[in-house]
Structures are given as C-alpha cells and as structure tokens.
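Data first, discussion second: the structure below is written as structure tokens.
What you are looking at is a predicted structure, and each value in this text was computed from that prediction instead of being measured. Numbers here are sequence positions counted from 1.
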Amino acid sequence: MGTYLNPGADKFQRALNSEIYVDKSLLISYTNKVFYTNQQYLCVSRPRRFGKSLTADMISAYYDKSADSDDLFHGLKISTCDTFEKYLNNYDVIKINIQDFLSGTSNLSELIRRLREVVIRELIKEYPSVDYFDKSDMIECLQDIYNENHKPFVIIIDEWDCIFREYPHDDEAQRAYLDFLRAWLKDKAYIGLVYMTGILPIKKYGTNSALNMFTEISMEKPGKLAEYTGFTEQEVEKLAEKYNIDMMECQKWYDGYSFPECSHIYNPDSIVKAMNTGILDDYWNQTETYEALKQYINLNYDGLRDSIIKLMSGERVKIETGSFQNDMTNFNNSDDVMTLLIHLGYLGYDYTNGEVFIPNREIMKEFATAIVANKGWNEIADAIKDSDSLLSATWNFDESLVAEYLSKAHFETSTLQYNDENALSYTVSLAYFSARKYYTVVRELPSGKGFADLAFVPRRNCPDKPAMIVELKWDKAASTAINQIREKNYPRSLQDYRDNIILVGIVYDRKTKEHKCKIEKLTEQA
C-alpha cells in the first residue's frame with residue numbers, strides 16, 4: 001500500500017461510515033464492462049460537491065490489489081453483479097489528485113516532474129526486481145512492469161482540470177499538460193482503465209478534443225451514467241422519509257437537473273446537509289461563492305443579459321453548446337457562457353430541446369445574490385429588493401403601489417423588447433421574485449376555459465398565504481383582465497384555495513408607458 005500506488009480503501013471506508021451513504025456502486029459494473037477495451041477511457045465532469053472524489057475513492061477501493069474490500073462491498077449493489085469477483089482487488093491502481101500537486105508546486109513543469117518522481121518511486125518500491133530500461137522515465141517503468149506481469153493498471157485522476165482553472169490564460173502550460181496526459185495514457189498496453197474527474201470536460205482546440213480517446217460524461221450529456229450524476233428521486237424519497245423531510249419542498253430546493261435517461265437528479269451535497277440539519281436552505285454557498293457566478297453573468301455578450309432575466313423569471317432559453325471550448329476564458333458568445341454555467345451546475349440543460357433553465361430554488365438564490373452584489377445589475381437588483389414590498393402591496397390590495405413597483409421593474413428590465421405580453425410576463429415574474437419563498441409560480445396554468453397567465457400556488461408550509469391568479473393585458477383596462485379571469489373560470493384549478501384566492505389584473509399602456517392594476521378577492525358568488 002502506498003500514497004499514490006495502491007492507496008488502499010480507507011477513504012471509501014470513511015464514506016461508508018458516514019450517517020448518510022447512498023449506494024452508487026453499480027457504476028462499477030460499467031467500468032468493468034469497458035475494462036481493457038477501446039472504451040476504457042472515461043472523463044466524468046460534474047460541479048463541485050456532486051460526489052466526484054467519493055466515486056473515485058470507491059473505484060480505487062474496488063480495483064486496488066493491496067486492499068481487501070470484499071467486506072466493504074458486501075451488501076452493496078455491485079456485489080450482486082456477475083463481474084464483481086473477477087475484478088475485485090485484482091489490479092494496481094495509481095490514484096492522483098492533480099490539485100494536491102498543484103498546491104505543492106510553483107509551476108506546471110515542477111508539477112509534472114514531481115508527479116513522475118513520486119509515481120516512479122512507488123513503482124520501483126513495489127516491483128524492485130523488474131529489469132527497468134530507464135528508472136527516470138515513468139512511462140517506460142509502467143511498460144516494463146506490464147511486460148513482466150501482463151496485468152494492466154487502473155489510473156484514477158481526480159481534479160484533472162484544475163490546471164485550466166488555476167492557469168486560465170496560460171495556453172502554453174495547458175497544452176503542455178495535455179501533451180503529458182496524452183503521452184502517459186493514450187494507446188498504452190499497460191492501461192486497463194482511466195477514470196478522470198473534474199468540473200470541466202476535456203479542453204478543445206477548435207472543434208477537436210485534445211484527448212480524443214476519452215468518453216465524455218458531463219452535465220451536458222451524461223448518457224447511460226446519468227443516474228450517477230447526483231441523487232435520483234427514489235434515493236431522495238427514501239432519505240426524506242427517514243429524516244421526516246417534506247419531499248415536495250426537497251424537489252423545489254434541490255431537484256431540477258434533468259437528462260433523457262434520468263429526469264430528476266438532485267444536488268447530493270445539499271441533500272445530505274439538509275437531511276443532517278433538518279433545514280432546507282441554500283447550502284451551495286458553503287462550497288461556491290457567488291463571485292464565480294457574478295463574474296460570468298456580467299460578461300458583455302449580446303443577449304446574455306436578456307437571457308439571464310428570462311431565466312430568473314422562470315423561463316427556458318434555447319442555446320447552442322457546440323462552440324464552447326471547455327474552459328473558463330475563451331468565450332465567443334453568450335451561449336458559450338451559459339454552457340459553462342451548465343458544467344458549473346448553475347444551469348440545468350434540456351438536451352432534447354436544447355434549452356437551459358435555472359434548476360431549483362437553491363440556485364435561484366445564488367443568481368439573486370450574485371446580481372444584488374453586482375454593480376452592473378443595479379436596476380435588476382433593485383427589482384429583487386423591492387419584490388417583498390410588491391408582494392405585501394398585493395396582499396394588501398394596494399393597486400396604485402403595485403402599479404408603481406411594476407413600472408419601476410419595467411424600467412429595470414427594459415433591455416428586453418417590451419412589446420408583447422410575454423415581455424410583460426418576464427417583468428412581472430421578476431418583480432415578484434420573493435414570492436418563490438411562499439409560492440410555486442406556474443406560468444400558463446391550464447384552468448377553466450383557457451390558461452391563466454400566472455398562478456401563485458402556496459407551498460405546503462405556507463397554508464395561510466392566499467393563492468393568486470394574475471392576468472396580463474396590453475393596452476386594455478385592468479378590469480378587462482379581472483373579467484377574463486372570472487369569465488374563463490381560471491380559479492377552477494385552485495379549488496383547494498377557493499376561500500382565499502386573489503385575482504390580479506395587470507395591464508401596460510404603450511401610449512402612456514404606464515402600468516395599471518386591479519386586485520380583487522374571489523368570492524363564492526363569483
């Protein structure tokens with residue numbers, strides 16, 4: 001057992017000892033399937049705190065020949081698979097965390113030199129009798145060992161992409177690093193499996209990947225491994241039942257990452273913290289600061305600001321992800337910025353329709369925090385700050401004050417073409433930002449003889465709040481909007497709140513540039 005060669009199973013044991021451990025061991029059935037095949041190279045990219053290192057520890061503990069992991073994996077899902085015994089503790093594992101080497105060195109050349117030296121040192125210690133051609137060459141040493149025992153190595157590289165995050169503008173260093181990885185890993189007989197993890201997919205130059213032998217498993221397209229991206233709905237349901245947490249509230253806070261192969265994926269770190277504390281809150285900011293998000297949403301690309309406003313109002317935005325270079329500095333357009341936000345976990349991605357969206361309440365709070373702290377978004381920040389007052393004015397039936405706040409919000413979101421009811425809905429949704437604390441906001445709710453423009457449905461833990469139906473109109477009287485709500489029986493879908501429903505009509509007059517509002521309480525007679 002060494003530090004980098006066959007590091008043992010202690011870290012995975014620690015995970016199993018934790019109060020909450022969700023069994024993701026069936027991932028190993030996939031790595032066994034591709035072991036020593038043309039598909040043996042896997043690059044798994046996910047946001048921070050989505051379980052990348054824990055999974056790397058699990059894979060290492062399984063294959064590591066210095067460990068006796070049968071008891072650790074006994075009872076886990078992988079233990080029932082046909083290939084379980086065949087690969088268990090049967091291979092040399094080299095496990096490297098690139099961030100550790102980066103922190104302990106001053107430049108990339110020193111990092112690569114140190115990595116080579118420590119691996120060679122442990123290889124020679126483990127295999128002292130091998131006839132080495134060149135003990136100073138890591139690749140030669142690996143090949144010499146393989147030539148004698150004909151057993152391939154498992155290579156696990158955690159935080160593989162930290163070079164691109166720490167040296168974002170050093171193109172020469174990045175290329176040298178990729179060249180090192182290519183020389184070490186590509187087309188080598190001594191490789192049985194490479195499992196590489198990071199936040200970013202593999203860096204591209206132009207349209208090509210620098211390490212094209214890898215299968216990319218990312219937040220954009222995780223494919224068959226989608227269920228291992230985070231916690232599934234079934235896994236969270238079991239935890240919510242055990243810890244007596246409201247499952248519907250869990251969905252609002254932490255669900256939203258969706259893939260064709262698995263439609264509900266939750267942020268695992270936030271779920272564990274919520275279960276352990278019993279408090280549903282924003283735990284994202286304990287591992288990421290809003291500064292990162294603030295930096296990217298403030299980039300000056302055409303359409304980015306409008307897209308962020310639409311996303312914060314609850315809309316989806318179509319993007320093209322193909323031009324993204326898989327780094328944090330080379331952006332050609334707003335779509336590249338939003339593609340990065342997919343990989344950082346700030347946006348969900350609907351691969352089927354090519355749309356991005358803010359996945360849940362936790363991330364919505366991160367956007368709000370970033371905007372409020374960003375001088376370039378002062379006007380939008382004011383709308384968010386005013387949203388509590390706007391909501392209170394609505395509950396108090398203060399029509400003039402509601403109209404005043406909406407007019408202010410219109411000015412703040414004036415980068416959008418304010419010429420139809422869709423644009424008006426963006427303004428209203430953003431102006432009522434704080435309502436998400438108490439409501440599920442539904443746009444175009446099917447009800448009665450049509451669709452209500454906006455419906456505010458009280459959350460389970462807010463039964464005292466009135467349901468609200470909002471109808472939007474253009475160049476009409478506010479009473480017209482209220483009449484349409486009644487005539488088309490929009491409250492029908494909110495029967496559970498029949499005795500506590502507020503009807504809100506909002507109109508915009510293009511000639512006067514004014515908003516007007518009419519608010520009424522639904523009565524049984526209506």
Could you label the plane-to-plane angle of the Y21 and F12 rings as parallel, tilted or perpendicular, counting under 30° as parallel and over 60° as perpendicular? perpendicular

Of all heavy-atom pairs linking L522 and P491, the shortest is CD2-CB, 3.7 Å

To the nearest 0.5 Å, atom NZ of K385 lies from atom CG of N378 at 7.5 Å

CD1 of I380 to CD1 of I309, rounded to nearest 0.5 Å, is 4.0 Å

field: Any donor-acceptor N/O pair, D161 side chain to I199 backbone, under 3.5 Å
entry: yes

message: Can you confirm whether more than 12 heavy atoms, excluding those of M247, are under 6.0 Å from its CE atom?
response: yes

task = Check whether any side-chain N or O of Q325 sits under 3.5 Å from a backbone N or O of S323 as a donor-acceptor pair, and report yes or no.
result = yes

Is D386 paired with K408 through a side-chain N to carboxylate O contact shorter than 4.0 Å?
yes

Check: Is the NZ atom of K238 crowded by more than 12 outside heavy atoms at less than 6.0 Å?
Finding: no

Problem set entry | Between Y438 and W395, ring centroids under 6.0 Å | yes

- prompt: Are side-chain N/O atoms of S334 and D336 paired as donor and acceptor at under 3.5 Å?
  reply: no

In plain terms, say whether K516 and E399 are close enough for a salt bridge, that is, a side-chain N and a carboxylate O under 4.0 Å apart. no

Between D281 and the options K273, K365, K437, the salt bridge (Lys or Arg N to Asp or Glu O under 4.0 Å) test singles out K365

Using atom types as modelled and distance alone, determine if a side-chain donor or acceptor of E235 lies under 3.5 Å from a backbone N or O of T232.
yes

Using modelled atom types only, decide if a donor and an acceptor are shared between the side chain of S60 and the backbone of A56 within a distance under 3.5 Å. no

If you measure only the distance, is there a donor-acceptor pair under 3.5 Å linking the side chains of Y432 and T394? yes

Practice task
Evaluate the criterion salt bridge (Lys or Arg N to Asp or Glu O under 4.0 Å) for residue pair R460 and D246; output intermediate values, then yes/no.
Solution key: CA-CA 9 Å; R460 280 186 176 183; D246 189 318; 3.6 Å; yes

Does K33 NZ have over 12 foreign heavy atoms under 6.0 Å away? no

Under the side-chain contact (heavy atoms from CB on, under 4.5 Å) rule, what do K521 and I501 come out as? Steps first, then yes or no, please.
CA-CA 6 Å; K521 183 176 178 64; I501 298 178; over 6 Å; no

Practice problem: Would you check if there is a donor-acceptor pair between the side chains of E233 and Y266 at a distance under 3.5 Å? | Solution: yes

Exceeds 12 heavy-atom contacts within 6.0 angstrom, atom NZ of K518: no

**OP:** May I ask you to check whether W253 and Y283 place their ring centers less than 6.0 Å from one another?
**Re:** no

Point to revise | S218 (side chain) donor-acceptor with P201 (main chain) under 3.5 angstrom | key: no

Of all heavy-atom pairs linking G505 and I482, the shortest is N-CD1, 3.5 Å

Item to complete: Look only at the side chain of D509 and the backbone of D475, and say whether a donor-acceptor pair between them is shorter than 3.5 Å.
Response: no

message: Before we go on, tell me: are the rings of F456 and Y439 under 6.0 Å apart, centre to centre?
response: yes

Between L424 and K473, the two heavy atoms sitting closest are CD2-O, 3.6 Å

Report the C-alpha separation of Y349 and E355 in whole Å, then their side-chain angles, then the decisive distance to 0.1 Å, and conclude whether the side-chain contact (heavy atoms from CB on, under 4.5 Å) test is met.
-> CA-CA 6 Å; Y349 181 59; E355 297 173 335; over 6 Å; no

Measuring only between side-chain heavy atoms, which start at C-beta, is M275 closer than 4.5 Å to C250? yes

Between E520 and R486, does at least one N-O distance fall below 4.0 Å, as a salt bridge requires?
yes

- Task: Decide side-chain contact (heavy atoms from CB on, under 4.5 Å) for I157 and T197; before the verdict, give the C-alpha distance in whole Å, the side-chain angles of both, and the deciding distance to 0.1 Å.
- Result: CA-CA 6 Å; I157 304 175; T197 77; over 6 Å; no

(message) Looking at P168, is its backbone amide N or carbonyl O close enough to the side chain of T329 to form a donor-acceptor pair, meaning the two atoms are under 3.5 Å apart?
(response) yes

Between A431 and L406 the two heavy atoms that sit nearest each other are CB-CD2, 3.9 Å

- [ ] Output, in order, the C-alpha distance, side-chain angles, deciding distance and verdict of ring pair (Phe, Tyr, Trp, His ring centres under 6.0 Å) for Y346 and W284.
- [x] CA-CA 10 Å; Y346 287 113; W284 188 276; 5.5 Å; yes

Report task. Take S407 and E404 through the side-chain hydrogen bond (donor to acceptor under 3.5 Å, both in side chains) test and state the conclusion after the steps. Result -> CA-CA 5 Å; S407 293; E404 180 181 332; over 6 Å; no

Using a cut-off of 6.0 Å, state whether more than 12 heavy atoms not belonging to N244 lie near its atom CG.
-> no

On a heavy-atom basis, the closest approach of S307 and V317 is OG-CG1, 3.7 Å

Show your working on side-chain contact (heavy atoms from CB on, under 4.5 Å) between V34 and Y30 and close with a plain yes or no.
CA-CA 6 Å; V34 301; Y30 183 83; 4.0 Å; yes

Using atom types as modelled and distance alone, determine if a side-chain donor or acceptor of K294 lies under 3.5 Å from a backbone N or O of A373. yes

Item to complete: Kindly say whether D335 contributes a backbone atom to a donor-acceptor pair with the side chain of T339 at under 3.5 angstrom?
Response: yes

Exercise for review: Return yes if a side-chain donor-acceptor contact under 3.5 Å exists between E261 and Y351, otherwise no.
Suggested key: no

Q.
Donor-acceptor pair, distance only, cut-off 3.5 Å: does the side chain of W160 make one with the backbone of L200?
A. yes

Exercise for review: Return the orientation label for the F50 and Y257 ring planes: parallel under 30°, perpendicular over 60°, tilted otherwise.
Suggested key: perpendicular

To the nearest 0.5 Å, atom CG of N330 lies from atom CG of L340 at 11.0 Å

Are S429 and S313 linked by a side-chain donor-acceptor pair shorter than 3.5 Å?
-> no

* With a 4.0 Å cut-off, would you call K77 and D23 a salt bridge? -> no

Of all heavy-atom pairs linking D282 and E362, the shortest is OD1-CG, 3.2 Å

- Have R46 and T229 got a donor and an acceptor in their side chains that come within less than 3.5 Å? no

Just wondering, are more than 12 heavy atoms of other shown residues or ligands nearer than 6.0 Å to CD in Q495?
yes

| request: Decide side-chain hydrogen bond (donor to acceptor under 3.5 Å, both in side chains) for T55 and D57; before the verdict, give the C-alpha distance in whole Å, the side-chain angles of both, and the deciding distance to 0.1 Å. | output: CA-CA 5 Å; T55 303; D57 292 338; over 6 Å; no

Within a 6.0 Å radius of atom CG on D464, are there more than 12 heavy atoms belonging to other residues, nucleotides or ligands? yes

Tell me whether R459 is salt-bridged to E249, with the criterion being a basic N under 4.0 Å from an acidic carboxylate O. yes

Practice problem: Give the C-alpha distance, both sets of side-chain angles, the deciding distance and a yes or no for ring pair (Phe, Tyr, Trp, His ring centres under 6.0 Å) between H515 and Y405. | Solution: CA-CA 9 Å; H515 291 77; Y405 279 123; over 10 Å; no

Side-chain ion pair, E159 and K52, N-O less than 4.0 Å | no

Going by atom types only, do S53 and D158 share a side-chain donor-acceptor pair under 3.5 Å? yes

query: Between T321 and E220, does any side-chain donor sit less than 3.5 Å from a side-chain acceptor?
result: yes

Quick one: do the E366 and T369 side chains pair a donor with an acceptor below 3.5 Å?
no

